[in-house]
Number of protein chains: 2
Amino acid sequence: MLSAVTDKPTKKRSRKAGHQAPEGYDASAYPTFSVTVDVVIMSVVDGQLMVLLVQRQADPYKDAWALPGGFKQPDESLDAAAFRELREETGVDAPKHLAQFATYGDPARDPRGNVVTVVYLAVTPEVGSIEAGTDADDARLWPVSSVLDGDVALAFDHERILRDAVERAADQLEGSDLATAFVGPTFTLSELQSVYEAIWDDQLDTGNFRRSLSMGSPDASYVVSTGERAAAGPKGGRPPELFEAGDAWIDGSPVKRAKRRTTKQSEQRMNSGNE
Amino acid sequence: MLSAVTDKPTKKRSRKAGHQAPEGYDASAYPTFSVTVDVVIMSVVDGQLMVLLVQRQADPYKDAWALPGGFKQPDESLDAAAFRELREETGVDAPKHLAQFATYGDPARDPRGNVVTVVYLAVTPEVGSIEAGTDADDARLWPVSSVLDGDVALAFDHERILRDAVERAADQLEGSDLATAFVGPTFTLSELQSVYEAIWDDQLDTGNFRRSLSMGSPDASYVVSTGERAAAGPKGGRPPELFEAGDAWIDGSPVKRAKRRTTKQSEQRMNSGNE
DNA sequence: ACAATAGTGTCTATTAGACAATATGTA
DNA sequence: TACATATTGTCTAATAGACACTATTGT
């Protein structure tokens with residue numbers, strides 16, 4: 001039937017711009033769903049990619065770990081819901097990055113059925129403020145590698161979501177300024193390099209890495225020296241210079257991922273398979 | 001409140017895995033939404049990027065053009081819903097690309113409220129079969145440039161969705177084999193080049209373009225000659241060789257977009273703004 | 001012959017990869 | 001001094017950009 005699009009079935013819908021579901025409607029022809037917003041919030045700590053998880057108290061998947069998230073309210077946008085849930089459940093109120101990345105709606109993904117979830121990818125450099133959730137019950141950072149190795153039982157389809165999110169982050173690292181979201185307002189180049197290495201799970205040549213970052217145009221550079229220096233590490237070493245992000249990131253990251261000539265992964269086109 | 005995640009508010013939910021909305025529920029604490037699936041299906045015709053639109057018959061935005069789409073059913077996945085709607089409304093049953101790309105849920109996006117839509121990006125090379133929708137009422141291809149210039153009145157927030165979709169397609173063109181989805185099983189290099197040029201709205205050097213495509217590894221190349229040749233055009237010219245896509249596209253396209261040093265577009269990180 | 005489209009070659013500038021060498025701190 | 005980390009430099013390979021040139025068709 002080629003006809004009304006994004007449209008309720010052509011019945012007489014006698015309701016206004018109210019946000020509630022209509023009174024008398026045929027549920028089979030006019031299905032409704034719960035809509036939740038989940039947030040994959042990442043950070044790199046000591047060269048390791050971490051993800052913030054909260055422990056469930058309620059019954060389905062009780063005690064399992066899950067992505068922070070919750071219900072979209074009828075009067076808020078998806079973006080607003082993501083901000084709100086992130087703040088409410090983890091205390092993080094100013095992530096350096098927060099953007100939608102995929103939506104999951106498989107009928108079987110929630111045992112209670114009919115729950116469509118819009119997932120956001122968030123990034124924050126600071127770790128200290130993370131666990132200081134409002135009235136935090138149990139929220140903590142887990143190494144992504146451990147979680148994806150199955151060391152932690154995740155609720156619902158959250159393991160798959162996490163896997164997809166990490167993959168997306170790795171892609172975006174190459175085409176955007178996402179890397180700078182993992183570090184503070186000032187940072188050392190080693191710190192920044194460790195972000196790339198953690199997410200790509202690969203070693204980068206230090207010299208080449210630094211050269212890439214110094215390659216912006218004269219007016220818009222990738223990193224700008226602050227003149228300051230951080231303290232040397234406990235085991236010594238030359239104190240690193242502190243930089244801040246420049247304006248050149250608009251065209252994406254100057255650091256390119258090495259060709260992964262690993263497993264010739266099969267066709268990935270038709271249906272990236274968000275569900 | 002850090003607690004139940006992706007969880008209904010902790011009330012006694014006395015329902016099974018049924019797919020209908022629960023009987024007696026507090027709508028404010030337990031809101032539900034209509035979920036639709038819309039499809040931005042693109043094609044390149046005569047060097048011009050086109051999008052398939054259908055004309056609305058029902059009241060909100062009656063007679064306006066809209067993206068094909070419709071309701072997700074409770075027992076189907078989002079991907080399945082996208083396939084179904086695409087087939088039902090446009091007759092396209094085998095797009096060469098179909099993948100989710102963003103979800104829109106602003107409370108004001110539908111005058112009737114509470115409609116969250118999951119949008120898919122589809123690509124097909126063939127034009128002939130497109131308009132042969134099952135019982136097509138009015139569906140046709142429009143030049144994307146015209147539509148985005150406001151020459152066509154689009155329903156809901158579909159103009160914005162289209163704009164986002166085109167941008168996404170342009171990005172993916174660089175990092176995937178998306179370009180090959182716009183051409184048939186065999187194609188000429190000029191055809192393939194016109195795909196890039198249409199979507200990036202830029203001219204590419206023919207020589208350099210062809211060199212890029214010839215640059216895959218010995219075992220996995222980007223294009224493989226079929227030995228065949230297409231007929232020359234009406235105005236003459238050397239008959240072009242026909243190629244088919246090789247296995248080298250796994251690492252993305254060998255054709256890179258020129259740096260667009262145009263308007264120094266403002267920060268695009270926090271909230272790409274899907275709504 | 002001439003116009004039109006397809007396809008090749010060549011020179012140079014830029015960028016990427018490997019790796020050596022130097023600088024400056026702590027134990 | 002020994003060690004550890006930071007920072008710079010150098011040589012070479014690969015890729016990108018600009019552009020000239022050849023090839024094969026239709027009118």
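Every chain is numbered from 1 and lettered A, B, ... according to where its sequence line falls, protein lines coming before strand lines.
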Checklist line | For atom CG of Leu242(B) and atom P of dA6(C), their distance in whole Å | finding: 11 Å
Checklist line | Between Tyr104(B) and Asp164(B), a side-chain donor and acceptor under 3.5 Å | finding: yes
Item checked: Residues in side-chain hydrogen bond (donor to acceptor under 3.5 Å, both in side chains) contact with Ser225(B), at least two apart in sequence or another chain -> Glu241(B)
Next item on the list: May I have the distance from Gln193(A) (atom CD) to dT7(D) (atom C1'), rounded to whole angstrom?
Entry: 12 Å
Item checked: side-chain hydrogen bond (donor to acceptor under 3.5 Å, both in side chains) partners of Arg211(A), counting only residues at least two apart -> Asn208(A)
Checklist line | Distance in angstrom units between Asp251(B) CG and dT15(D) P, rounded | finding: 12 Å
Note to self: With a 6.0 Å cut-off (strictly less than), is the heavy-atom count around CG of Asp46(B), excluding the residue itself, greater than 12?
What the structure shows: no
Notebook entry, point to check: Is it the case that more than 12 heavy atoms not belonging to Asp202(B) sit under 6.0 Å from its CG atom?
Noted result: yes
Note to self: Counting the atoms with a prime plus P, OP1 and OP2 as sugar-phosphate, which does Ser190(A) contact under 4.0 Å by heavy atoms, base, sugar-phosphate, or nothing?
What the structure shows: sugar-phosphate
Notebook entry, point to check: Would one find a side-chain N or O of Arg238(A) under 4.0 angstrom from OP1 or OP2 of dA23(C)?
Noted result: no
Check: What is the distance from CG of Leu192(A) to P of dA6(D), rounded to the nearest Å?
Finding: 13 Å
Note to self: Whole angstroms only, please: what is the CZ-C1' distance between Arg210(B) and dA6(C)?
What the structure shows: 6 Å
Item checked: Separation of dT15(D) P from Glu174(B) CD (nearest whole Å) -> 16 Å
Next item on the list: Any chance you could list the contact pattern along nucleotides 9-19 of chain C? Use B for base contacts, S for sugar-phosphate-only contacts and - for none, protein heavy atoms under 4.0 Å, 5' to 3'.
Entry: -B-----BBBB
Margin query: Test: ring-ring contact (aromatic ring centres under 6.0 Å, His included). Region: residues 203-226 of chain B. Which pairs qualify, not counting sequence neighbours?
Written below: Tyr196(B)-Phe209(B), Tyr222(B)-Trp249(B)
Margin query: Heavy atoms within less than 4.0 Å of DNA chain D: which residues of residues 228-235 of chain B have one? Give them sorted by number.
Written below: Pro234(B)
Margin query: Applying the side chain to side chain contact (heavy atoms under 4.5 Å, CB included) criterion to Leu178(A), which one of Asp171(A), Leu173(A), Ile199(A), Val195(A) satisfies it?
Written below: Leu173(A)
Margin query: If I take atom CZ in residue Phe209(A) and atom P in nucleotide dT8(D), what distance separates them, rounded to the nearest angstrom?
Written below: 14 Å
Check: Please walk me through it: do Met42(A) and Val166(A) pass side-chain contact (heavy atoms from CB on, under 4.5 Å)?
Finding: CA-CA 9 Å; Met42(A) 300 174 170; Val166(A) 171; 3.7 Å; yes
Note to self: If the condition is salt bridge (charged side-chain N to carboxylate O under 4.0 Å, His left out), which residues does Glu159(B) pass it with, not counting sequence neighbours?
What the structure shows: Arg163(B)
Checklist line | Rounded interatomic separation in angstrom, taking CG from Leu204(B) and P from dA16(D) | finding: 12 Å
